[in-house]
Amino acid sequence: MSMHAPALADAHLPDEQTSAFARDAVGDLSQHPKRLSPKYFYDATGSELFEAITRLPEYYPTRTELGILRDRGGEIASLISDNAALVEFGAGATTKVRLLLENCAFAAYVPVDISGDFIKAQAEALRRDFPRLAIYPLTADFTAPFALPSAVRSRPKVGFFPGSTIGNFEPHEASRFLRSARDILGERAQLIIGADLEKDEGVLYDAYNDAAGVTARFNLNVLVRINRELGGNFDISAFTHRAIYNRERHRIEMHLISKKPQTVRMLGTSFSFRPGESIHTENSYKYSMERFAALARGSGWKVRESWTDAAKMFSVHALKAE
Ligand code: AVJ
């Protein structure tokens with residue numbers, strides 16, 4: 001039993017997930033500059049706040065990608081062999097995958113996500129609407145290698161990684177992820193992947209600084225989560241949301257800024273903050289069509305087809321394993 005057991009007693013996660021969160025949070029807040037991984041945004045509240053973000057007038061990515069998948073559904077379907085298995089990396093709401101399932105003749109669907117309960121509930125709803133589709137939910141961290149269910153091994157595989165989640169990865173991590181996806185999906189695999197595009201900086205800024213303050217609550221919620229799951233004592237009102245566009249590095253950066261000098265305790269460790277000091281909580285990389293194609297080519301894939309909306313806000317790519 002660890003010395004931190006009392007602090008962890010209220011956790012609602014399986015032990016190994018809570019201890020990964022604890023290990024990462026303590027390690028990352030001990031860095032200079034301090035940071036936290038965006039993968040910890042998505043507790044129940046964080047997932048609800050993210051769903052609310054996708055409906056904000058300023059947050060164009062979700063509705064733009066849905067529009068592309070809807071308009072290009074027929075073209076996407078024509079690239080995909082019948083009776084393939086669709087493997088979704090990090091399955092959240094089913095709105096996007098439904099568009100693929102409606103357009104393409106998939107025999108099987110494998111949603112892969114760290115949150116097993118959530119994908120099992122989603123699978124139930126999909127089974128009602130697609131009764132002939134075999135669904136094999138897989139609880140796994142999709143950023144690490146995992147094995148596909150044996151029932152789909154003989155089928156052609158099509159990966160699905162929408163939402164520009166790839167934008168959360170550093171460029172070298174994005175490349176490693178694409179190589180790993182290629183290994184998991186096997187030879188002749190395909191990958192349908194969404195990537196947000198570089199654009200007017202004001203549009204980017206507003207998408208992460210919405211007038212209603214939902215993105216600020218989403219960002220601050222990771223501190224609420226640390227308080228609840230890791231016994232932290234963050235004063236949420238003593239931190240403020242900041243999102244800026246870093247032009248040199250082609251990325252939106254989200255930070256939580258300490259409003260004053262303060263010391264916060266968590267799991268027996270103290271973390272001191274200077275006024276104005278940042279916790280860097282997220283990078284959201286924006287690609288050009290050329291830089292995305294170069295990333296894919298350098299990571300074991302070739303681009304078969306790419307689509308954007310008329311205003312070139314967002315891109316969807318069909319990749320083929322090399
Ligand atoms: C889920 C990583 C694609 O980067 O736009 C939204 C997360 N962060 N608003 C993004 C997010 C703040 C989102 N991704």
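In each ligand, atom 1 is the first atom listed, and ligand 1 is the first ligand listed. Everything quoted here is computed from the prediction, not taken from an experiment.
- A cation-pi geometry, defined here as NZ or CZ lying under 6.0 Å from the six-membered ring centre and within 45° of its normal, does not hold between K286 and F292.
- Near Y42, meaning under 4.0 Å from one of its heavy atoms, ligand 1 places the atoms 1 (C), 7 (C).
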Please list every donor-acceptor pair under 3.5 Å in which a side-chain atom of residues 173-184 meets a protein atom from a residue at least two apart or in another chain.
| residue | atom | partner | partner atom | Å |
| --- | --- | --- | --- | --- |
| E173 | OE1 | E170 | N | 2.8 |
| S175 | OG | S299 | OG | 2.9 |
| R179 | NH2 | G298 | O | 2.6 |

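- The shortest N/O to N/O separation between S164 and ligand 1 does not fall below 3.5 Å.
- Taking the six-membered ring wherever Trp is involved, the centroid distance between the rings of F169 and Y285 does not fall below 6.0 Å.
- The cluster map of Ile, Leu, Val, Met, Phe, Trp and Tyr, joined by side-chain heavy atoms under 4.5 Å apart, puts M313 and L197 in different clusters.
- Set against the non-hydrogen atoms of G163, the atoms of ligand 1 under 4.0 Å away are 3 (C).
- Between E282 and ligand 1, an N or O atom pair is found at a separation short of 3.5 Å.
- Looking from atom 13 (C) of ligand 1 to the surrounding protein, the closest heavy atom is Y59 OH, 3.3 Å.
- Using 4.0 Å as the threshold, Y60 has no heavy atom nearer than that to any atom of ligand 1.
- At a 4.0 Å heavy-atom cut-off, ligand 1 does not touch F41 at all.
- S284 OG, 2.7 Å is the protein heavy atom nearest to atom 4 (O) of ligand 1.
- Listed here is the closest heavy atom pair of D24 and Y40: OD2-OH, 2.6 Å.
- Remark: the T64 side chain and the D309 side chain contain no N/O donor-acceptor pair separated by less than 3.5 Å.
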